[in-house]
Amino acid sequence: MTHISDSQNTDQRRFFQRYAPYFLLAPGVTWMALFLVIPLVMMVYVSFWTQTTFAISSDLTTKSWVTFFSSETYFGALLRTIRIWLTVLFFTFLLGYPIALFIGLFVRSKTVQTLLLVACVIPFWTSFLIRVLAWRPMLGKEGAVNLVLQKIGVISQPIEVLLFTELSVVIGMVQIYVVFMVGPIAFMLSRIDGSLLEAARDIGATPLMTFRRVIFPLSLPGVTVGAIFVSVMVLGEFATASALSGRKVNLLGNIIVTQVGSLKWAFAAVIGVVLTIVMAIVITALLRLVNLREEL
Amino acid sequence: MLELVDLGKSFDGVSAINGVSFDVGEDEYLTLLGPSGSGKTVLLRLIAGLDRPDAGRIVLNGQNITNKPTHLRGLGFVQQKYALFPHLSVRQNISFGLTNHHSTPISDANEVNRLCDEMLEIVGLSGLADRGVGQISGGQKQRVSLARTLVTKPKLCLLDEPLGALDANLRERMTVELRDIRARLGVSFMHVTGNEDEALGMGDRMIVLDKGSVIQIEKPADVFSRPATVSVARHMNNYNILPGSTRNNHFVFAGSRLSIPANVENAAFYVVGIDKVAVEPVEAPERKDAASIDATYVASEFMGSRVVYLFERQDGQVFEVERHLSRETPVNYIPGETRRLSWDVNDVLTYAPDGSLVNNSAQLRGAA
């Protein structure tokens, strides 16, 4: 009797040993399947449904796809999204890199580094909407920027292009997302061993050369991670665009919001699929640029 | 060629380097020996220009370079931890100083490759040019770091504990190779180390640094046989140092009266080489011109070619006696037995209370 239960025990143990990795994987896989894979498949499926003014049916058609690519409004929104994304990416890098350089390389005390990084994150303690809307009194026709510039006599007429244009959307997004560029770059820079820079100087490289050939290449993984953060967030953006453009600048995200609002599920699904594909391409390209697994 | 004049540097009010003056000649291998914390790395950093001195000046070929930026000095500094660029291959590391030089960058790729290959061959790394620096061993990294510096043809190459991180075998090989490489290129080396064997074995001249000051600059053989101060003697790891005082032409150490060389007064340290001591039975007759103490045998250390016997002195400290096995066979003493340790008075060095050398019998005997 004991003999049998013993062998049963060892059998059981062997079973668990053999399949332990799968048991550990199961929760994660279930989660991803339920909330990522199935929704994605559903989204692709729904994008081929037939949409009429008041109803949607599961008869398959490519009508929504044709509308998207033939309509000036929708395809234009895709191009605009890409343009604004590239502009914001460029400026977050241009603005973020020097800040990161200062925090990561020039500040050598870890405590001060952490303090400065925390300071960068402080704006996130206020709500997203407040942060966006705060730009209105700044950029408006009688906003702070115009008032100050007029007071000190730089301009005589208020600059009207500042608010409710693509420019204001870019300004708002750069301000909100620049910190996601600063963090990863500062992290990579702070890991550069000071002796490398001394070695470069010692064998005759000027500070500028040292930056170009040593510091910048070593910070590239940080730039990539920062660019991925910024890209993912900007490509899916809609709130900043609608709040700072007076609904004049429509990004793909804005169109999804409107379509869902008017219950045009099939069309919203088309844009969702397009957006997902764009993001996938962007992230793949960025990861190709730098082998993160090797660098980090 | 390079001249340091009264160089001083302190950090937060604590003096790291104090009144250091010496010069480095052309085509010379200079070693600088100092315990950790003696300021040797600080000194190298001052010479390389990575730190600025508070006092004194650095003169290179008649030109004051004290405040010249590092990259304009034309000196090479091989760092202790190699500091190889992790994102570049071996070849790219070595050619870095050629292609990125501040005033005379070499843009011709063939020329760069030729100089690189030449240097790789000199340091014995031919065939590893295209490896990443993460794929080579510690000893190889050391060579790449050296090659990266030497390829820029520095006027003086500063090496900060270049053998410190290598294992014993590799260290011995690099000792020979470093000397060969230097001789082949005719570049002066200034090699900083905390290891007395390295400093003695490799230098044409050696400098002993302690607490931020230069104590002795001489040929290694002279430093070894005639340490300028009692602390240098301690560094050499080759001397028994007995503290005490002189009285009536004798040195009194822990109750023993020891003979001293003629004309020595006011000595506070009585120093005798560990290889100059004879081990005799306690009842052995006193020899003329010899001094002796009785000590208790504790243990022996077998070191391959030699054996070191450890005795306990009257004051509880260790007294070492070294025997070379090429000359005699090891003797087995019984732990706890008392032996008479004796030595020739002419082999004794005595030092004043301030640590300076009083007599110099080794030299006197050599001159006679």
Side-chain angles (χ1 to χ4, degrees), chain A residues 93 97 100-101 104-112 184-228 285-296, chain B residues 41 44-51 68-89 92-106 115 119 132-135 141 144-160:
Chain A
F93 171 74
Y97 201 93
L101 199 62
L105 211 61
F106 288 83
V107 177
R108 272 296 168 196
S109 143
K110 287 278 168 210
T111 325
V112 181
I185 299 176
F187 172 73
M188 279 316 283
L189 286 170
S190 71
R191 296 201 329 172
I192 296 179
D193 190 341
S195 66
L196 293 184
L197 312 182
E198 291 179 351
R201 295 293 303 281
D202 187 70
I203 49 180
T206 59
L208 191 67
M209 272 297 186
T210 309
F211 174 76
R212 273 182 50 193
R213 296 288 152 77
V214 182
I215 299 171
F216 187 68
L218 286 175
S219 72
L220 266 182
V223 176
T224 309
V225 172
I228 289 175
L286 283 170
L287 287 177
R288 275 282 164 83
L289 218 63
V290 174
N291 188 347
L292 280 188
R293 209 181 307 168
E294 213 169 80
E295 303 279 354
L296 284 180
Chain B
T41 301
L44 279 197
R45 292 178 61 85
L46 291 179
I47 298 174
L50 299 171
D51 285 319
K68 211 174 189 183
T70 303
H71 61 286
L72 304 177
R73 292 192 181 199
L75 301 175
F77 182 16
V78 180
Q79 305 216 20
Q80 194 172 358
K81 288 177 188 145
Y82 321 135
L84 299 181
F85 305 125
H87 59 300
L88 301 177
S89 69
Q92 287 167 324
N93 261 283
I94 294 176
S95 59
F96 190 94
L98 299 174
T99 51
N100 297 308
H101 194 264
H102 63 90
S103 60
T104 52
I106 302 174
L115 289 168
M119 195 47 70
V133 292
Q135 298 168 300
K141 282 183 188 165
V144 173
S145 180
L146 184 68
R148 183 178 66 178
T149 300
L150 290 177
V151 81
T152 62
K153 300 200 169 52
K155 296 172 194 117
L156 166 69
C157 184
L158 308 164
L159 302 132
D160 190 5

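Proteins get letters first, then strands, A, B, ... in listed order; numbering begins at 1 in each. Keep in mind that what you see is a predicted model, and the values were worked out from it rather than measured.
Proximity to chain A (any heavy atom under 4.5 Å) is shown, for L72(B), by neither the backbone nor the side chain. Contact of L50(B) with chain A is made through the side chain alone, with heavy-atom distances under 4.5 Å. Contacts between D193(A) and chain B at a heavy-atom distance below 4.5 Å are absent for every atom of the residue.
In terms of heavy-atom pairs under 4.5 angstrom with chain B, the leader among L196(A), I192(A), L197(A) is L196(A). Between chain A and the options P154(B), P105(B), P86(B), heavy-atom pairs under 4.5 Å are most frequent for P86(B). Per-residue counts of heavy-atom pairs under 4.5 Å with chain A were compared for G49(B), G134(B), A83(B), A48(B); the largest is that of A83(B).
Annotation: side-chain hydrogen bond (donor to acceptor under 3.5 Å, both in side chains) contacts of T149(B) (sequence neighbours excluded): none. Partners of T111(A) under the side-chain hydrogen bond (donor to acceptor under 3.5 Å, both in side chains) rule, at least two apart in sequence or in another chain, do not exist in this structure.
D202(A) places a side-chain N or O within donor-acceptor distance of the main-chain N or O of F77(B), the cut-off being under 3.5 Å.
The stretch residues 208-216 of chain A places M209(A), R213(A), V214(A) near chain B, each with some heavy atom under 4.5 Å from a heavy atom of that chain.
Around the CZ atom of R288(A), the shell of radius 6.0 Å holds no more than 12 heavy atoms that belong to other residues, nucleotides or ligands.
Screening residues 71-81 of chain B for side chain to side chain donor-acceptor pair (under 3.5 Å) gives R201(A)-H71(B) as the qualifying pairs, with residues at least two apart or on separate chains.
Note that CD1 of I203(A) is 12.0 Å distant from OG1 of T70(B), once rounded to the nearest 0.5 Å.
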